[in-house]
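Encoded as structure tokens, the structure appears first; notes follow it.
Quick note on labels: first sequence line is chain A, next is B, and so on, each numbered from 1.
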There are 2 protein chains.
Amino acid sequence: MAEIDIGEVSRRMGIPVSALRFYEQKGLIRSIGRNGLRRVFNTDVIQHLTLIMLGREAGFSLDEIRNMFPLGGKTSIDRGLLSAKAAEIDRTIRRLTSMRNGLQHAAVCPEANHLDCPSFQRILRVVEKRQSARSSRKNSLTDNK
Amino acid sequence: MAEIDIGEVSRRMGIPVSALRFYEQKGLIRSIGRNGLRRVFNTDVIQHLTLIMLGREAGFSLDEIRNMFPLGGKTSIDRGLLSAKAAEIDRTIRRLTSMRNGLQHAAVCPEANHLDCPSFQRILRVVEKRQSARSSRKNSLTDNK
DNA sequence: GCTTGACCTAAAGTAGGCTTTAGGTTGTAG
DNA sequence: CTACAACCTAAAGCCTACTTTAGGTCAAGC
């Protein structure tokens, strides 16, 4: 694999060099060395960054992503973690699907006030169930917190 | 509709009172008045907050949500905006679906190194296409940015 | 009459994810 | 030679979405 500098990585990925340095600092990517003071990257950093961007788009934090796709990952990718994350995305997809359906309906619903629309109310009730589940779990006993 | 105080709203929604005050300040919710210095809410704030939570879960910013579900929305909900947002979610769902498939595959893939797995590479290529589309749009001409 | 709990405000603080700034080092083109 | 682009570092700054802090009001119960 060829060696490229940070500007080339930035150009190929459309990621600012400042973000690349930040990622290196956080341990998400690694340069294979220096040429003077300039970082030298192996071209495989491109694939690794692709995974990172994929994870970002899926809503994972940089810390989570570092665990999902560790450096020197030849041997260390945790398959259990990956399927857990896949399941997490699956739940997100379900939530988004009902949100999308709700919005789509709201956009064409003839009711003047969406809150009067039976179909929209059904969607709200589904969400409210999740809410009340949450609020009974972490019950605020006093002000704030 | 009955009148409730901020603590009741907090309990019903499982949202900290500090967040409720913050939402009011940002114009996402509105109290119908004061009882002394205490806010008084109409119970319909519960439904409005349900919409807000729905939007949060779908990944919209508070500013976006304020536009999607304006206060006094009886007349003013922008249906075009709602279907645009629905379409946005739809694109997100598609991205998440390929991410989930990628992770699911990676979790069971027999290849020691995922980057060697043909099926995983296919997924990466799909993402890379989106990346290069993005990087040619906003092309960094000089250092940083 | 005084403590307590639930409320109030303004302002500062926090975490994540970067960007910007300020100042410095190189390789290369003119 | 020297200008300049492209790189470098450390540290500060920024945005979102809140939370925390510090200090105060008020009604209810003892």
Fill in: Euclidean distance, atom CG of residue Leu20(B) to atom C1' of dA17(D) [Å, nearest integer]
13 Å
Discussion item. Whole angstroms only, please: what is the CD-C1' distance between Glu57(B) and dA17(D)?
Written reply: 16 Å
Worksheet item: Asp5(A) side chain: which of dC7(D), dC18(C), dT19(D) is closest?
Response: dC7(D)
Discussion item. Using whole Å, what does the distance between atom C1' of nucleotide dT16(D) and atom CD1 of Ile65(B) come to?
Written reply: 12 Å
Discussion item. With rounding to the nearest 0.5 angstrom, report the CG to CD1 distance, Leu51(A) to Ile29(A).
Written reply: 12.5 Å
Worksheet entry | Nucleotide dG17(C), atom C1' - distance to CG of Asp63(A) in whole Å | 11 Å
Practice prompt. Specify the separation, in whole Å, of atom CG of Leu28(B) and atom P of dA17(D).
Written response: 9 Å
Item to complete: Take Phe22(A) and Lys26(A) through the side-chain contact (heavy atoms from CB on, under 4.5 Å) test and state the conclusion after the steps.
Response: CA-CA 6 Å; Phe22(A) 179 73; Lys26(A) 292 219 89 184; 3.6 Å; yes
Item to complete: When you get a sec, tell me which of dC7(C), dT19(D), dC18(C) is the closest nucleotide to the side chain of Tyr23(A)?
Response: dC18(C)
Worksheet item: Do you know which two heavy atoms are closest between Met68(B) and Leu82(B), and how far apart they sit?
Response: O-CD2, 3.8 Å
Item to complete: Could you please name the option among dT9(C), dC8(D), dA17(D) that lies closest to any side-chain atom of Arg21(A)?
Response: dC8(D)
Worksheet item: Phosphate oxygens OP1/OP2 of dC18(D): is one of them under 4.0 Å from a side-chain N or O of Arg56(B)?
Response: yes
Response to the item:
Note: for Gln25(B) and Glu8(B) on DNA chain C, the residue whose nearest nucleotide lies more 5' is Glu8(B)
Discussion item. If we check side chain to side chain contact (heavy atoms under 4.5 Å, CB included) with Arg12(B), which of these qualifies: Ile46(B), Thr50(B), Val45(B)?
Written reply: Ile46(B)
Worksheet, complete the sentence: Whole-Å distance, Ile4(B) CD1 to dA6(C) C1', equals 15 Å
Response to the item:
Residues Val40(A) and Ser31(A): closest non-hydrogen pair is O-CB, 3.3 Å
Discussion item. I need the Ser10(A) OG to Arg21(A) CZ distance, nearest 0.5 Å.
Written reply: 9.5 Å
Worksheet item: In whole angstrom, what separates Lys26(A)'s NZ from dA10(D)'s C1'?
Response: 17 Å
Practice prompt. Specify the residues of residues 32-41 of chain A, ordered by number, for which at least one heavy atom lies under 4.0 angstrom from an atom of DNA chain D.
Written response: Arg34(A), Leu37(A), Arg38(A), Arg39(A)
Worksheet entry | End-to-end axis angle, where each axis spans five pairs of the helix from dG1(C)-dC30(D) to dG30(C)-dC1(D), to 10° | 30°
Practice prompt. Indicate whether any N or O donor in one side chain lies under 3.5 Å from an N or O acceptor in the other, for Ser83(A) and Gln104(B).
Written response: no
Worksheet item: Is there a donor-acceptor contact under 3.5 Å from the side chain of His48(B) to the main chain of Pro70(B)?
Response: no
Worksheet item: If you find the nucleotide of DNA chain C closest to Glu24(B) and the one closest to Phe22(A), which residue's nucleotide is nearer the 5' end?
Response: Glu24(B)
Item to complete: State whether a side-chain donor-acceptor pair under 3.5 Å links Thr43(A) with Glu3(A).
Response: no
Fill in: Proximity to the side chain of Ser61(B) - top-ranked nucleotide from dA17(D), dC7(D), dG17(C)
dA17(D)
Response to the item:
Considering only heavy side-chain atoms of Ile6(A), the closest of dC8(C), dT19(D), dC8(D) is dC8(D)
Worksheet item: Arg11(B) side chain: which of dT20(D), dA17(D), dC7(C) is closest?
Response: dC7(C)
Worksheet entry | Reported CG-to-CZ distance for the pair Asp5(A) and Arg38(A), which is rounded to 0.5 angstrom | 7.0 Å
